[in-house]
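Data block below; observations after.
Naming convention: chains lettered A, B, ... in sequence-line order (proteins, then strands); numbering from 1 in each chain. Here the structure is a predicted model, which is why all the values come from computation and not from measurement. Quick note: numbers below take in every heavy atom, side chains included, and nothing from hydrogens, waters or symmetry partners.
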Amino acid sequence: MEWFIWLVFGSIIGGLIVSFVNYLNKIGVQLIWFEWLLFGLGTLLIVFGVETLVHSLAEFQPQAGWMGLLFMSVPAIIMFVVIGRSVKARMSN
Amino acid sequence: MKNSRKKTTVQPMSRRSFLKTIGLGGAALGASTFKWNFKSLEEAMDSQYAEKTMPWWVREVDEPTVEVDWDKIERYDSRRTLFWTAEEHLGAERLGQMNEEYGNAMYEGISTKKPGQSMRDWALSAAGGYGWIEHAAGWTAEETINLENPYVPYFTPEEFGVAPWDGTPEENSKTLRVALRYFGASDVGFVKLTEKTKKLIYSVDGDGREIVFEDVDQGYSTEEKKVIPNKDLWMITYTIPQSLILTQNGEYGGMPWPEAMAYASVQHINTRLQIFLRGLGYQGLSGHTESLGPAPAWGVLSGLGEMARTNRLVSPKWGNAIRTIGLTLTDMPVAVTKPIDAGIWRFCQTCKKCAESCPSGALSMADEPSWEVAGPWNSGGIKGFYEDAAKCYDFLFSHPNCMSCHAVCPYNKMDKATMHELVKISIAKMPMFNGIIRDLDDAFGYGLAENPEDFWDMEDLPLYGLDPSRS
């Protein structure tokens, strides 16, 4: 059953990425290489954070799970903010 | 049974790596360093390549990571351990006090329903420990089993007039590993008995019987001695898992005595292995919990784990959530397993979490290992971290229970979250992060559970209280 949950989770993440890319195309924004890199790393950290949370709860270690999510999502959010600022700065020039 | 095969000369490789190699590198196979010495895929899968059970980041090495001076090692009289010399080291008066303190704590826990020490906790402890002494394995299978049991077909090949099982050493190792996993052991290793490794056989067992080598074909025992035949012998070593969940639910770790249940379990595994070997036409000399030799030493030599700050073994897969290492001597030829290096010994030198958490102060806080033993209870011969067993014993038997060092070890993790594997890879390959890993282990809240009562709310407790995915 667990594989099905991860399949759904992966589909949601994949769908969000496709929607995000479509949205960028729609508003005419092109990401440059380091923004794609940060986007990829940030997404990976979010996925890893969620995996840590889910499996730590299954290991009866809730504190470790939430700490794992925190440790990985904070850098991910910073990366997404950097992407946003970078795009904004480029668009305003 | 398959015919015996010629040994191959290529390096050991895991089944997974093997499949990866043939799957991804088929075209490049001829040009690669992989030397194809098999006649068929089946032959390859049945070879020693399929034997390796440790993760890829665990290296096999020729010598244990802890420094050993074989010249300093002599056969040890197991009656010198603290279990047999407590009165000598602590005094009769203190032993009496300890007994009283323990009884009072037990009474208080039961009468006040103290979390982790209430009546149901103690009842579970007693039930889990059943069989530890009652079912202690004998020196040989015949000493333990009831040969008249009408429901179990105990037999030897001789009774059918057929020869013993004649697999290759590699096949025999694999057979024994599968059987032991079925009986409940978590990992299995093999060491050849040589003049050097014979030094790790106790000279006298805790029951007072001398352990001697004689020019006989079959091992036997009398009221005075246990006899090992002078012939080619191998030590089979196997780790006995202990419930990590139960270990971490207690004031000092170990609310309902999971170690007692693991000790009871090893008695059954020892005896079952003896019966299995007997059925294959070979000997299995074993006994009660630690009747043959210092278990951690044999575990380290056979690559089940590395020596640790606790002066016990830590497994790369199971941490120190293993109660002991079962030992059985056999004359069935097996392929030996080598010591390993997973970075554990190096990690222990800076981690110190077990020693810091030890309420009795028994574990060494030294920065560097030493050749100096802490007392006659240590058999010595390694440059290690020797424990003050008298302090440990004093605390252990005057308090309801203590397994703090087992509960807090950063290596004690279940295997669901990917993070644990990454941490272990880092410890094995990138020791510069060891300090951060120790700090994060604290920050993530690993170690003792805050409320032992939570245990009783685990309606989906994994089988035997072991890892959800490994039990």
Side-chain angles (χ1 to χ4, degrees), chain A residues 1-20 34-83, chain B residues 243-250 253 255 258 318-319 321 353 407-423 425-426 433 436-463 465-471:
Chain A
M1 190 58 197
E2 193 178 322
W3 67 269
F4 182 72
I5 293 168
W6 288 112
L7 183 69
V8 171
F9 179 66
S11 303
I12 292 170
I13 292 288
L16 285 174
I17 292 171
V18 170
S19 305
F20 178 67
F34 85 89
E35 291 163 348
W36 278 118
L37 181 69
L38 287 181
F39 178 73
L41 283 174
T43 308
L44 204 65
L45 280 172
I46 294 285
V47 171
F48 191 39
V50 172
E51 189 269 343
T52 301
L53 173 64
V54 171
H55 280 148
S56 294
L57 292 176
E59 291 178 346
F60 312 102
Q61 298 286 353
Q63 186 181 335
W66 290 112
M67 287 293 285
L69 183 64
L70 183 74
F71 267 66
M72 285 166 232
S73 56
V74 167
I77 289 167
I78 292 170
M79 286 175 194
F80 294 147
V81 169
V82 169
I83 295 170
Chain B
S243 168
L244 182 57
I245 295 170
L246 271 68
T247 300
Q248 291 178 331
N249 274 273
M255 176 247 294
W318 302 84
K353 192 165 180 174
V408 303
C409 176
Y411 253 90
N412 285 359
K413 299 287 185 289
M414 295 179 189
D415 71 342
K416 271 194 161 289
T418 309
M419 183 173 58
H420 306 318
E421 189 78 358
L422 298 178
V423 165
I425 292 169
S426 173
F433 297 123
I436 297 170
I437 287 170
R438 160 66 210 274
D439 292 341
L440 286 177
D441 197 78
D442 293 341
F444 276 50
Y446 287 114
L448 289 169
E450 283 178 14
N451 181 13
E453 285 294 286
D454 289 347
F455 167 76
W456 290 104
D457 291 329
M458 290 182 183
E459 289 178 24
D460 56 347
L461 183 75
L463 199 62
L466 295 172
D467 282 17
S469 58
R470 294 196 285 197
S471 61

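Two residues are said to be in side-chain contact when any heavy atoms from C-beta on lie closer than 4.5 Å; A/Val54 and A/Trp6 meet this criterion.
Heavy-atom distances place the side chain of B/Leu422, and not its backbone, under 4.5 Å from chain A.
Between B/Asn451 and B/Asn249, the shortest heavy-atom distance links the atoms O-OD1, 3.7 Å.
Using a 4.5 Å cut-off between non-hydrogen atoms, the part of residues 41-48 of chain A that approaches chain B consists of A/Phe48.
Here A/Glu51 contributes atom CD and A/Ser56 contributes atom OG; the two are 8.0 Å apart, rounded to the nearest 0.5 Å. For the atom pair B/His420 NE2 and A/His55 NE2, the distance stands at 10.0 Å (nearest 0.5 Å).
Panel note: side chain A/Ser11, backbone A/Leu7; a donor-acceptor pair is recorded below 3.5 Å.
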Output side-chain donor-acceptor pairs under 3.5 Å for residues 438-447 of chain B, partner residues at least two apart or in another chain, one line each.
{"unit_1": "B/Arg438", "atom_1": "NE", "unit_2": "B/Asp442", "atom_2": "OD2", "d": "3.3"}
{"unit_1": "B/Arg438", "atom_1": "NH1", "unit_2": "B/Cys351", "atom_2": "O", "d": "2.6"}
{"unit_1": "B/Arg438", "atom_1": "NH1", "unit_2": "B/Glu356", "atom_2": "OE1", "d": "3.3"}
{"unit_1": "B/Arg438", "atom_1": "NH2", "unit_2": "B/Glu356", "atom_2": "OE1", "d": "3.0"}
{"unit_1": "B/Arg438", "atom_1": "NH2", "unit_2": "B/Asp442", "atom_2": "OD2", "d": "3.1"}
{"unit_1": "B/Asp441", "atom_1": "OD1", "unit_2": "B/Lys413", "atom_2": "NZ", "d": "2.7"}
{"unit_1": "B/Asp441", "atom_1": "OD2", "unit_2": "B/Lys353", "atom_2": "NZ", "d": "2.6"}
{"unit_1": "B/Asp442", "atom_1": "OD1", "unit_2": "B/Lys353", "atom_2": "NZ", "d": "2.8"}

